2 protein chains.
Amino acid sequence: MATSPGSEQLLRSAQLRVTRPRMAVLDAVHDHPHADTEQIIASVRTRLGDVSHQAVYDVLRALTSNGLVRRIQPSNSVARYEARVGDNHHHVVCRACGSIADVDCAVGETPCLTANDDHGFTIDEAEVIYWGTCPACAASSAPSS
Amino acid sequence: MATSPGSEQLLRSAQLRVTRPRMAVLDAVHDHPHADTEQIIASVRTRLGDVSHQAVYDVLRALTSNGLVRRIQPSNSVARYEARVGDNHHHVVCRACGSIADVDCAVGETPCLTANDDHGFTIDEAEVIYWGTCPACAASSAPSS
DNA sequence: CGACCAATCTTGACTCGTTCAAGTTTGTGG
DNA sequence: CCACAAACTTGAACGAGTCAAGATTGGTCG
């Protein structure tokens with residue numbers, strides 16, 4: 001749970017200043033994949049004491065735009081963040097409770113990245129969200145059969 | 001631009017009451033693919049005069065949950081709606097201006113619908129969003145080369 | 001055809017995730 | 001060690017969407 005030594009290196013390599021809030025946010029995202037901003041703020045405050053929510057929003061934006069964390073936001077959900085970046089994985093989202101799990105696409109390294117007709121767009125990423133029901137929700141809503 | 005005759009049938013077949021706001025919203029979504037709620041409200045008011053925004057929100061929810069329209073919401077965007085349903089198509093979104101175009105996936109009818117490890121989730125849909133740059137934005141940001 | 005009732009619509013307030021703005025603090029290069 | 005821009009704090013504001021209470025209205029049944 002302590003600040004991981006790699007965080008500082010990660011920040012420096014992205015040309016970002018190394019500050020305590022940034023280290024804490026980076027560690028929080030590593031420790032809690034798919035956490036939303038509120039959860040990250042709570043985690044950061046556990047480590048550092050008072051940190052403004054604005055600081056966390058700023059840090060998350062800086063980390064996201066520098067590729068150190070990835071932001072995901074399924075429909076009907078607030079923004080969530082994760083530390084797995086650059087490995088082309090996707091997500092399953094439960095329609096009932098909103099829980100998220102990672103999945104690696106079955107079709108290879110860059111699945112679906114070629115569209116039939118791209119309308120002239122230059123495509124650089126294919127984001128896949130699988131919608132369904134998680135085991136817990138399936139169990140609680142299913143009849144006894 | 002007049003209310004299409006099919007709208008009424010569509011509503012009745014979904015067990016929904018046929019009202020003027022619903023017809024107008026359905027037509028608006030047909031006429032303006034990927035429109036957001038504000039645009040739909042404007043379009044509906046052009047046809048009917050005053051209609052409350054709450055009515056439009058209610059109608060869109062009813063239509064969405066009955067499968068008559070599809071709701072999409074890319075990150076950093078408000079909710080958008082379209083009338084193409086049930087044909088498994090996906091979307092390209094421009095990172096710069098947010099414009100959206102339809103694409104049919106190259107990999108077949110239900111691309112990527114099988115994940116390697118689904119973590120026990122029951123998957124019923126795979127939503128794909130291609131991120132990139134639209135022709136207009138590519139042209140305006142590129143050097144003269 | 002007319003009345004009833006639940007579904008739908010109107011009005012208006014409100015929530016909450018996120019952003020904006022101004023001023024203070026702090027990391028980093030020189 | 002200093003200076004300065006980047007980063008943080010504080011507090012207000014924004015806006016898409018939701019909630020709630022009461023008025024209308026579509027559809028059904030007698």
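Chain letters run A, B, ... following the sequence lines, proteins first and then strands; every chain starts at 1. Keep in mind that what you see is a predicted model, and the values were worked out from it rather than measured. Side chains are part of it too, since the values below use all heavy atoms of this structure and drop only hydrogens, waters and symmetry mates.
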Visitor: I'd like to check the side chain to side chain donor-acceptor pair (under 3.5 Å) partners of Gln54(A); sequence neighbours left out, ordered by chain and number.
Guide: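 Residues passing side chain to side chain donor-acceptor pair (under 3.5 Å) with Gln54(A): Asp58(A).
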Visitor: For Thr37(A) and dT18(C), is the shortest distance between a side-chain N/O and OP1 or OP2 below 4.0 Å?
Guide: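 Yes, within the criterion.
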Visitor: Can you check the Tyr81(A) OH to dG17(C) P distance for me, whole Å?
Guide: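 It works out to 13 Å between those atoms.
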Visitor: If hydrophobic clusters are built by linking Ile, Leu, Val, Met, Phe, Trp and Tyr wherever their side-chain heavy atoms come under 4.5 Å apart, do Val103(A) and Ile129(B) end up in the same one?
Guide: no
Visitor: What about His89(B) and His91(B), are their ring centers closer than 6.0 Å?
Guide: yes
Visitor: Using a cut-off of 4.0 Å between protein heavy atoms and nucleotide atoms, how would you tag nucleotides 19-30 of chain C 5' to 3' with B, S and -?
Guide: BB-----BBS--
Visitor: Could you report the tightest heavy-atom contact between Val93(B) and Pro74(B), atom names first, then the distance?
Guide: CG2-CG, 4.0 Å
Visitor: May I ask you to decide whether Arg45(B) forms a salt bridge with Asp50(B), counting only side-chain N to carboxylate O separations under 4.0 Å?
Guide: no
Visitor: Side-chain heavy atoms under 4.5 angstrom apart, residues restricted to Ile, Leu, Val, Met, Phe, Trp, Tyr: same cluster for Leu48(B) and Leu26(B)?
Guide: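 Yes, because Leu48(B) and Leu26(B) connect within a single hydrophobic cluster, where side-chain heavy atoms sit under 4.5 Å apart.
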Visitor: Set out, line by line, the N/O atom pairs under 3.5 Å between protein and nucleotides 28-30 of chain D.
Guide:
none

Visitor: Just how far, in rounded Å, is P of dT25(D) from CE of Met23(B)?
Guide: 16 Å
Visitor: Side chains of Thr19(A) and Val59(A), heavy atoms from C-beta outward: is any pair under 4.5 Å?
Guide: no
Visitor: Within the structure shown, what part of the strands sits under 4.0 Å from Ala62(B) by heavy-atom distance: base, sugar-phosphate, or nothing?
Guide: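 Nothing, no nucleic acid heavy atom in range.
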Visitor: To the nearest Å, give me how far apart CG (Leu11(A)) and C1' (dA6(D)) are.
Guide: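 Distance, rounded to whole Å: 14 Å.
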Visitor: Give the nucleotide from the list dT9(D), dT18(C), dG17(D) with an atom nearest to the side chain of Ser52(A).
Guide: dT9(D)
Visitor: Calculate the interatomic distance between Ile41(A) atom CD1 and dC8(D) atom P; express it in whole Å.
Guide: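 Rounding to the nearest Å, CD1 of Ile41(A) and P of dC8(D) are 13 Å apart.
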Visitor: Nearest-Å distance, CG (Leu48(B)) to P (dT25(D))?
Guide: 13 Å
Visitor: Regarding Arg70(A) and Asp87(A), does a basic nitrogen lie under 4.0 Å from an acidic carboxylate oxygen?
Guide: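 So Arg70(A) does not pair with Asp87(A) through a salt bridge.
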Visitor: Can you pull out every ring-ring contact (aromatic ring centres under 6.0 Å, His included) where at least one residue sits in residues 59-85 of chain A? Sequence neighbours excluded, please.
Guide: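 Applying ring-ring contact (aromatic ring centres under 6.0 Å, His included) to every pair that reaches into residues 59-85 of chain A, excluding sequence neighbours, yields nothing.
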Visitor: If each of Arg22(A) and Ala79(B) is mapped to the nucleotide of DNA chain D with the nearest heavy atom, which maps nearer the 5' terminus, i.e. the 5' end?
Guide: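 Closer to the 5' end of DNA chain D: Arg22(A).
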Visitor: Could you tell me how far apart Gln73(A) (CD) and dG17(D) (P) are, to the nearest whole angstrom?
Guide: 11 Å
Visitor: For residues 35-69 of chain A, which residue pairs qualify under ring-ring contact (aromatic ring centres under 6.0 Å, His included), counting only residues two or more places apart or in two chains?
Guide: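 Sorted pair list: His53(A)-Tyr57(A).
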Visitor: Tell me: CD of Glu38(B) to C1' of dG15(D), nearest whole Å?
Guide: 10 Å
Visitor: When rounded to the nearest 0.5 angstrom, what is the spacing between CG in Leu16(B) and CG in Leu63(B)?
Guide: 6.5 Å
Visitor: Rounded to the Å, how far apart are Ile40(B) CD1 and dG17(D) P?
Guide: 10 Å
Visitor: For the helix from dC1(C)-dG30(D) to dG30(C)-dC1(D), what angle separates the axis at the start from the axis at the finish, each from five pairs, in steps of 10°?
Guide: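 About 40°, once rounded to a multiple of 10°.
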Visitor: Are Glu8(B) and Arg22(B) close enough for a salt bridge, meaning some N to O gap below 4.0 Å?
Guide: no
